[in-house]
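Keep in mind that what you see is a predicted model, and the values were worked out from it rather than measured. Protein chains get the first letters and strands the later ones, always in sequence-line order, with residue 1 at the start of each.
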Amino acid sequence: MDAVSSMNVRVRFAPSPTGFLHIGGARTALFNWLYARHTGGTFILRIEDTDTARNTQEAVEVILQGLRWLGLDWDEGPVDGQATHLGRGDRGPYFQSQRADVYRKWVQYLLERNLAYEADGATKFRMTREPIVFEDLAIGAIRRELTDREALDPDFVIVRSDGQPVFHLVNVIDDLEMGITHVVRGEDHISNTAKHIALFRAFGVEPPRYAHIPLILNPDGTKMSKRDQGASLATYIEEGYLPEAVVNYLVLLGWSPKDNREILPIEDVIGRFDLPQIQRHNARFDLKKLQWLNVAYLHQLSGDRFTALASQALERAGVSLAPFPKDYIAAAVSLAREKIKTLTDLPPFVDFFFVDEVALDPEAMARELTPASRDHLAALRGALVALDPFTAAAIEAALKTTAAARSVKNAVLVHPARVACTGKTIGPSLYHLMEVLGRERVLRRFDRALAQIADS
RNA sequence: GACCCUAUCGUCUAGAGGCCUAGGACACCACCCUUUCACGGUGGCGGCACGGGUUCGAAUCCCGUUAGGGUCGCCA
């Protein structure tokens, strides 16, 4: 352990409960968590719910659920979305709405020392006129001068005329009171840091170390805001991405293991993650790469977990699995594993396994269940009736023998058979799907297809 | 308007003065594999924003320009 690692690192993620967790916020949380785990430090979750009007318990739950889904466990912080509930940890409360007396105490401290003053009913902080210089762990030396507007009046409001303390004040007080040693946050706070450092000094304490991480931009390079496609973590949860894939992708967006590896077990990342190596420039979100990672993680999932997640996705899509044996479900969904990019892709691939009568796609039917295919299908049915064992290999052999006997290419039998069994032109391997379906179902579906052709 | 950050293939990145004829991944294109759709395999396309310095030598250091992003609120 190096010098930094051996000190007691305390980092925090301090989101405002707006009703959703921004993907950029998720990465900020991730980087804080990684740094805490890398250093053996403490990861704290604090809810910045000072804007009482739009903060609700539900909005907090969204954040907690998002972090839990990502696997980012916090050592101190809320246990649920209820602000008045006592959290875990001895530096609480972890909701700003419950810390009014703490803020009052420190405002009093500033007032008594003439470091703040009343003006127009508000309380303003006497900001230094000198440039603030600090060493950012991710970026390097930063020297911040006053802007022209600030030069006119450098002092800023820390308590509104309605008595509510503002962000800069509470953020600093909480970091101070909670013993935060490293502030890892979005680059959009880099200019605010001067104010924060000045406040820490006024309170008579050394400011924490800062590490500002780059922002996540839209594919077109514009800032990703709430409305933008894919800005909310919830969309990835709903669209069937694996948390480990999202985490891996987020890690790669601004950090690199420097050894050309892309698939990174989280333990490896924890072992190597550090602040100075964080990328300095903003990154654009690339859904295609996330999808690629998701496929990779889908492939290496254990059979049990895949079956569980696939079952969930099916139930959510309205497919009832209750009537089917566990083995049948597992065998059926496993045939789709290599075919899908996300779990929401799965239901259309395997739903035919779980219905009495397949829904015949009109186009597929028109193309494959033609009078010309009738005799082929009937012949294939004949080859399957007494086939033993009814396995993929045996089915394949039977189909090929039948095709050869009729002097047609395998595909001439394969395509109509697929439509007969699944109703669609795309899907899992035909031979395997027939094995899983079982002889009885297959023959019944063949008969129905044959009847369809006769009717048309 | 001012202040701050940033700048390597379309995208994410490796690169901390000679190892660079700039490496990898995603995407894209071609071919192979193949019963569909995918997976996989092989190959290809493609980049140091620009201009000045410093140096024997610069993607790497310095300055400027340009571009992008951020901030300057009684929002967080």
Side-chain angles (χ1 to χ4, degrees), chain A residues 14-18 48-51 53-55 96 119-124 131-132 136 138-140 142-152 154 156-168 170-171 186-195 212 214-215 217 219 221-223 249 251-263 277 279-293 295-296 298-299 336-341 345 348-349 364 368 396 399-400 403 409-419 422 424-431 433:
Chain A
S16 180
T18 55
E48 306 222 333
D49 60 342
T50 49
D51 191 349
R54 64 174 190 220
N55 294 329
Q96 290 187 331
D120 303 323
T123 304
K124 294 181 79 174
I132 295 276
D136 190 283
I139 295 170
I142 294 174
R143 174 192 171 90
R144 165 80 216 274
E145 310 261 1
L146 294 177
T147 67
D148 55 355
R149 296 181 59 136
E150 290 168 336
L152 260 32
F156 58 93
V157 171
I158 51 174
V159 181
R160 287 191 275 270
S161 48
D162 66 1
Q164 285 298 310
V166 307
F167 163 74
H168 299 299
V170 298
N171 189 268
E187 198 189 45
D188 48 340
H189 283 296
I190 214 164
S191 289
N192 293 331
T193 306
K195 289 176 177 166
H212 288 92
L215 272 22
L217 270 24
T222 56
K223 187 188 184 185
Y249 178 70
V251 161
L252 253 21
L253 218 53
W255 185 83
S256 163
K258 301 186 188 296
D259 58 5
N260 284 346
R261 282 186 307 155
E262 309 284 333
I263 311 286
Q277 310 148 6
Q279 211 62 232
R280 289 166 177 72
H281 59 266
N282 297 342
R284 303 183 190 203
F285 197 88
D286 182 6
L287 191 64
K288 284 283 178 51
K289 182 138 185 183
L290 205 211
Q291 285 176 345
W292 173 77
L293 277 164
V295 167
L298 236 20
H299 288 181
R337 200 210 278 245
E338 307 278 308
K339 309 281 180 178
I340 58 174
K341 285 188 159 48
D345 290 344
F349 258 99
E368 303 298 346
E396 178 172 0
L399 183 141
K400 286 180 174 171
K409 287 196 200 165
N410 299 335
V412 173
L413 299 190
V414 164
H415 296 300
R418 170 181 298 285
V419 173
T422 72
K424 304 171 193 179
T425 53
I426 64 166
S429 157
L430 177 68
Y431 312 124
L433 120 216

Taking only nitrogen or oxygen atoms into account, show me every contact under 3.5 Å that the protein makes with nucleotides 62-65 of chain B, one pair per line with its distance.
none

Both distances under 3.5 Å, Watson-Crick or G-U wobble: report the partner of [N], or none.
N     : result
B/U54 : none
B/G17 : none
B/A49 : B/U65
B/A38 : none
B/A2  : B/U71
B/A76 : none
B/C28 : B/G44

Using atom names, set out every protein N or O paired with an N or O of nucleotides 59-61 of chain B below 3.5 Å, distance rounded to 0.1 Å.
none

Which value, in whole Å, describes the distance between the [atom1] atoms of nucleotides [N] and [M]?
N     : M     : atom1 : answer
B/A76 : B/C63 : C1'   : 38 Å
B/U60 : B/C48 : P     : 12 Å
B/A2  : B/U54 : C1'   : 32 Å
B/C28 : B/U11 : C1'   : 12 Å
B/G44 : B/C3  : C1'   : 47 Å
B/G46 : B/G40 : C1'   : 24 Å
B/A67 : B/C31 : C1'   : 40 Å
B/C45 : B/G10 : C1'   : 12 Å

Run the side chain to side chain contact (heavy atoms under 4.5 Å, CB included) test against [X] and tell me which residues pass, sequence neighbours left out.
X        : value
A/His189 : A/Phe167, A/Arg185, A/Asn192, A/His212
A/Ala364 : A/Asp361, A/Val419, A/Thr425
A/Arg160 : A/Asp162, A/Gln164, A/Val166
A/Glu150 : A/Arg144, A/Leu146, A/Thr147, A/Lys195

Return each pair, listed once, that meets salt bridge (Lys or Arg N to Asp or Glu O under 4.0 Å) where at least one residue sits in residues 279-291 of chain A; pairs must be two or more places apart or across chains. A/Glu262-A/Lys289
Residues forming a ring pair (Phe, Tyr, Trp, His ring centres under 6.0 Å) with A/Trp292, sequence neighbours excluded: none
With A/Tyr249, which residues qualify under ring pair (Phe, Tyr, Trp, His ring centres under 6.0 Å), at least two apart? A/Phe285
Is there a side-chain contact between A/Val414 and A/Leu399 (heavy atoms, below 4.5 Å)? yes
Show each protein N/O and nucleotides 36-39 of chain B N/O combination with a separation under 3.5 Å, one pair to a line.
from: B/U36; atom 1: O2'; to: A/Thr425; atom 2: O; distance (Å): 3.0
from: B/U36; atom 1: O2; to: A/Thr425; atom 2: O; distance (Å): 3.4
from: B/U36; atom 1: O2; to: A/Gly427; atom 2: N; distance (Å): 2.8
from: B/U36; atom 1: O2; to: A/Gly427; atom 2: O; distance (Å): 3.2
from: B/U36; atom 1: N3; to: A/Arg418; atom 2: NH2; distance (Å): 3.1
from: B/U36; atom 1: N3; to: A/Gly427; atom 2: O; distance (Å): 2.7
from: B/U36; atom 1: O4; to: A/Lys339; atom 2: NZ; distance (Å): 3.3
from: B/C37; atom 1: O2; to: A/Lys339; atom 2: NZ; distance (Å): 3.1
from: B/C37; atom 1: N3; to: A/Lys339; atom 2: NZ; distance (Å): 2.3
from: B/C37; atom 1: N4; to: A/Lys339; atom 2: NZ; distance (Å): 3.4
from: B/A38; atom 1: O2'; to: A/Glu338; atom 2: O; distance (Å): 2.9

Rounded distance [0.5 Å steps], [atom1] in [X] versus [atom2] in [Y]:
X        : Y        : atom1 : atom2 : answer
A/Ile190 : A/Asp136 : CD1   : CG    : 5.5 Å
A/Ile158 : A/His168 : CD1   : NE2   : 11.0 Å
A/Lys339 : A/Lys341 : NZ    : NZ    : 12.0 Å
A/Leu215 : A/Asp188 : CG    : CG    : 5.0 Å

In whole angstrom, give the distance that lies between atom [atom1] of [X] and atom [atom2] of [N].
X        : N     : atom1 : atom2 : result
A/Leu217 : B/A7  : CG    : C1'   : 13 Å
A/Glu368 : B/U35 : CD    : P     : 15 Å
A/Leu152 : B/G1  : CG    : C1'   : 12 Å
A/Ile190 : B/U6  : CD1   : P     : 7 Å

What's the shortest heavy-atom distance between [X] and [Y], and which atoms?
X        : Y        : result
A/Pro428 : A/Phe349 : CD-O, 3.5 Å
A/Arg143 : A/Pro131 : NH2-CG, 3.6 Å
A/Asn282 : A/Glu187 : OD1-OE1, 3.3 Å
A/Leu298 : A/Arg337 : O-NH1, 2.8 Å

Any sub-3.5 Å donor-acceptor pair from A/Lys258's side-chain atoms to A/Gln277's backbone N or O? no
Let me see the working for A/His299 and A/Glu338 under side-chain contact (heavy atoms from CB on, under 4.5 Å), right down to the final yes or no. CA-CA 7 Å; A/His299 288 181; A/Glu338 307 278 308; 4.0 Å; yes
Check nucleotides 71-74 of chain B against the protein and report each pair of N or O atoms closer than 3.5 Å, with its distance, or say if there are none.
from: B/C72; atom 1: O2'; to: A/Thr147; atom 2: OG1; distance (Å): 3.4
from: B/C74; atom 1: O2; to: A/Ser161; atom 2: N; distance (Å): 2.8
from: B/C74; atom 1: O2; to: A/Ser161; atom 2: OG; distance (Å): 2.8
from: B/C74; atom 1: N3; to: A/Ser161; atom 2: OG; distance (Å): 3.1
from: B/C74; atom 1: N4; to: A/Asp120; atom 2: O; distance (Å): 3.1

Heavy-atom nearest nucleotide on RNA chain B taken for A/Pro165 and for A/Glu145; more 5' hit belongs to A/Glu145
Mapping A/Glu187 and A/Arg261 onto RNA chain B by nearest heavy atom, which one lands closer to the 5' end? A/Glu187
Judged by whether its glycosidic angle lies within 90° of 0, B/C33 is anti
Polar pairs (N or O, both sides) under 3.5 Å between protein and nucleotides 10-14 of chain B?
from: B/C12; atom 1: OP1; to: A/Arg284; atom 2: N; distance (Å): 2.9
from: B/C12; atom 1: O2'; to: A/Leu252; atom 2: O; distance (Å): 3.0
from: B/U13; atom 1: OP1; to: A/Gly254; atom 2: N; distance (Å): 2.9
from: B/U13; atom 1: OP2; to: A/His281; atom 2: NE2; distance (Å): 3.1
from: B/U13; atom 1: O3'; to: A/Gln279; atom 2: NE2; distance (Å): 3.4
from: B/A14; atom 1: OP1; to: A/Lys258; atom 2: NZ; distance (Å): 3.3
from: B/A14; atom 1: OP2; to: A/Gln279; atom 2: OE1; distance (Å): 3.4
from: B/A14; atom 1: OP2; to: A/Gln279; atom 2: NE2; distance (Å): 3.3

